[in-house]
> 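Before anything else, here's the structure in question.
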Amino acid sequence: MPSAIQCRDLRKTYDGKVEAVRGLNLDIQAGECFGLLGPNGAGKTTTIEILEGLLQPTSGQVSIFGHRWQENEREMREWLGISLQETRLSEKLSVRETVNLFGSFYRAPRSSDEVLEQLQLTEKADAWVGKLSGGQRQRLAVATALVCNPKILFLDEPTTGLDPQSRRQLWDIIREFQRNGGTVLLTTHYMDEAERLCDRLAIVDHGQIIAEGSPADLIERLGGHHVVEFAVSGAAGSTPDGWKNLPSVESVREDEDLIALHVKQPHLTIPALLEAIDRQGCELRHLTTRQASLEDVFVRLTGRHLREE
């Protein structure tokens with residue numbers, strides 16, 4: 001069976017000089033939830049718009065289930081459900097009218113009542129869109145993507161601005177779509193979301209993939225399974241290279257006033273760290289230990305947190 005989404009040597013240059021995408025390769029299997037992560041300006045949106053058939057690449061090939069946009073555009077559009085980060089819907093239409101409108105664009109849409117029930121919008125079916133809360137609007141945007149009965153769901157930061165309960169409701173909807181055989185391509189600024197939902201993901205920076213794999217694999221490749229974060233005052237302290245010489249430390253990162261040690265055996269590192277701090281005449285102001293996360297992978301690879309501009 002061909003890949004759900006495949007692209008080879010994808011490139012997009014604007015005005016002949018700005019390279020938004022630079023030789024990007026992806027291979028997303030049917031039934032996967034695949035995450036595309038990267039800092040702002042990394043080329044994610046350009047890549048997704050090319051994959052969706054909304055933007056022509058400068059060069060490279062894209063195929064959806066083995067078909068190319070130049071050859072089967074009408075049929076391929078039936079396979080895709082797309083939910084943008086901000087979907088502008090008519091505020092004077094009701095929720096049901098909105099879903100019916102989007103369903104009318106396709107040859108074999110799902111029942112609007114079925115989709116509204118799935119998105120927990122049945123009680124709001126006759127309400128105007130303009131009267132919905134932020135979470136309800138976001139669920140409606142996903143409903144407009146699901147009503148076409150898609151094989152692939154493109155979700156661009158679907159939970160931005162949602163409260164924790166609404167986020168988890170949307171996670172359940174994504175998982176249900178995937179359990180029924182659907183493929184999901186997700187972008188998000190929430191690393192915990194990517195870690196929970198994605199089977200595999202790619203981190204993009206400057207238009208290129210700099211890391212790819214399952215969340216667990218990427219964390220494993222970080223070099224340390226645990227993170228010891230601390231802050232000291234009262235003395236200059238040691239250099240990053242000095243902290244790296246502590247037992248079991250794989251790498252060191254400075255993050256504002258915190259120092260993060262990626263370690264494999266924190267029970268060996270922490271006593272040696274406390275001894276070194278005392279020996280240098282420093283005062284320990286903060287100390288925590290936790291499991292390494294996808295956020296740690298991202299910061300180490302890009303030098304930035306995902307929400308930094």
Side-chain angles (χ1 to χ4, degrees), residues 3-5 7 26 28-40 42-55 62 64-65 76-89 98-99 102-103 105-106 109-110 115-116 118-121 132 134-204 214-215 294 306-307:
S3 301
I5 302 172
C7 66
L26 282 176
I28 302 172
Q29 301 302 308
E32 272 193 308
C33 181
F34 191 92
L36 200 60
L37 309 182
N40 294 327
K44 302 188 306 297
T45 299
T46 299
T47 299
I48 288 174
E49 288 182 351
I50 293 172
L51 297 178
E52 292 169 344
L54 302 177
L55 191 64
V62 172
I64 307 292
F65 291 112
M76 290 167 68
R77 296 238 173 262
E78 298 280 339
W79 301 340
L80 308 186
I82 299 172
S83 178
L84 305 175
Q85 183 179 352
E86 288 187 33
T87 303
R88 295 187 179 276
L89 303 171
T98 300
V99 175
F102 276 78
F105 302 150
Y106 299 88
R110 293 173 60 189
V115 174
L116 291 176
Q118 181 184 3
L119 274 296
Q120 301 177 29
L121 287 170
L132 300 181
Q136 291 164 346
R137 280 175 181 256
Q138 195 72 339
R139 294 207 303 277
L140 177 58
V142 175
T144 63
L146 288 174
V147 72
C148 68
N149 200 22
K151 296 181 180 180
I152 302 175
L153 193 57
F154 286 86
L155 298 173
D156 189 4
E157 299 186 31
T159 63
T160 297
L162 297 188
D163 61 81
Q165 182 180 3
S166 297
R167 283 182 73 203
R168 291 184 178 276
Q169 287 173 341
L170 204 46
W171 290 358
D172 290 340
I173 291 162
I174 293 169
R175 291 188 182 109
E176 181 184 357
F177 176 78
Q178 192 182 359
R179 280 196 300 270
N180 291 329
T183 305
V184 181
L185 179 56
L186 171 77
T187 72
T188 180
H189 272 123
Y190 299 113
M191 297 306 258
D192 63 323
E193 185 165 272
E195 207 165 328
R196 286 171 180 263
L197 292 179
C198 296
D199 300 301
R200 291 190 305 128
L201 53 89
I203 297 176
V204 180
S214 71
L294 208 50
L306 194 51
R307 286 208 163 273

> Cys33 and side-chain contact (heavy atoms from CB on, under 4.5 Å): which single residue from Asp199, Leu201, Ile28 fits?
Asp199
> Please table the atom pairs, donor to acceptor, closer than 3.5 Å between any side-chain atom in residues 136-144 and protein atoms at least two apart or in another chain.
unit_1, atom_1, unit_2, atom_2, d
Gln136, OE1, Ser133, N, 2.9
Gln136, OE1, Ser133, OG, 3.3
Arg137, NH2, Glu91, OE2, 3.1
Gln138, NE2, Pro158, O, 2.4
Arg139, NE, Leu119, O, 2.8
Arg139, NH1, Gln169, OE1, 3.3
Arg139, NH2, Gln120, O, 3.4
Thr144, OG1, Ala141, O, 2.6

> Where is the tightest heavy-atom contact between Gln29 and Ser3, given as atom of each residue plus distance?
NE2-OG, 3.3 Å
> Answer whether the closest heavy-atom distance between the side chains of Glu52 and Val62 falls below 4.5 Å.
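The answer is no, as the side chains (C-beta and beyond) never meet within the 4.5 Å cut-off.
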> Please assess Ile173 against Leu146 for the test side-chain contact (heavy atoms from CB on, under 4.5 Å), listing each intermediate value before the final yes or no.
CA-CA 10 Å; Ile173 291 162; Leu146 288 174; 4.0 Å; yes
> Over all heavy atoms of both residues, which pair between Gly81 and Cys148 is shortest? Give the atoms and the distance, please.
CA-SG, 4.0 Å
> Is any side-chain heavy atom of Leu197 less than 4.5 Å from a side-chain heavy atom of Gln178?
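Result no, sub-4.5 Å side-chain heavy-atom pair not found.
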> Can you give me the closest heavy-atom contact between Glu193 and Thr188, atom names plus distance?
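Here Glu193 and Thr188 meet closest at OE2-OG1, 2.7 Å.
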> Please say which of Phe154, Phe34, Phe177 ends up in a side-chain contact (heavy atoms from CB on, under 4.5 Å) with Val184.
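The residue from Phe154, Phe34, Phe177 that satisfies side-chain contact (heavy atoms from CB on, under 4.5 Å) with Val184 turns out to be Phe177.
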> Give the intermediate values and the outcome of side-chain contact (heavy atoms from CB on, under 4.5 Å) for residues Ile5 and Ile64.
CA-CA 5 Å; Ile5 302 172; Ile64 307 292; 4.0 Å; yes
> Can you tell me if Thr183 uses its side chain to pair, donor with acceptor, with the backbone of Gly31 under 3.5 Å?
yes
> Give every residue pair that meets the side-chain hydrogen bond (donor to acceptor under 3.5 Å, both in side chains) criterion with at least one member in residues 145-156, sequence neighbours excluded.
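Every side-chain hydrogen bond (donor to acceptor under 3.5 Å, both in side chains) pair that includes a residue of residues 145-156, provided the two are not neighbours, is Asp156-Thr187.
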> Does Val147 have any side chain to side chain contact (heavy atoms under 4.5 Å, CB included) partners at least two apart in sequence or in another chain, and if so, which?
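Testing Val147 for side chain to side chain contact (heavy atoms under 4.5 Å, CB included), a comparison that skips the adjacent residues, returns Val99, Phe102, Val115.
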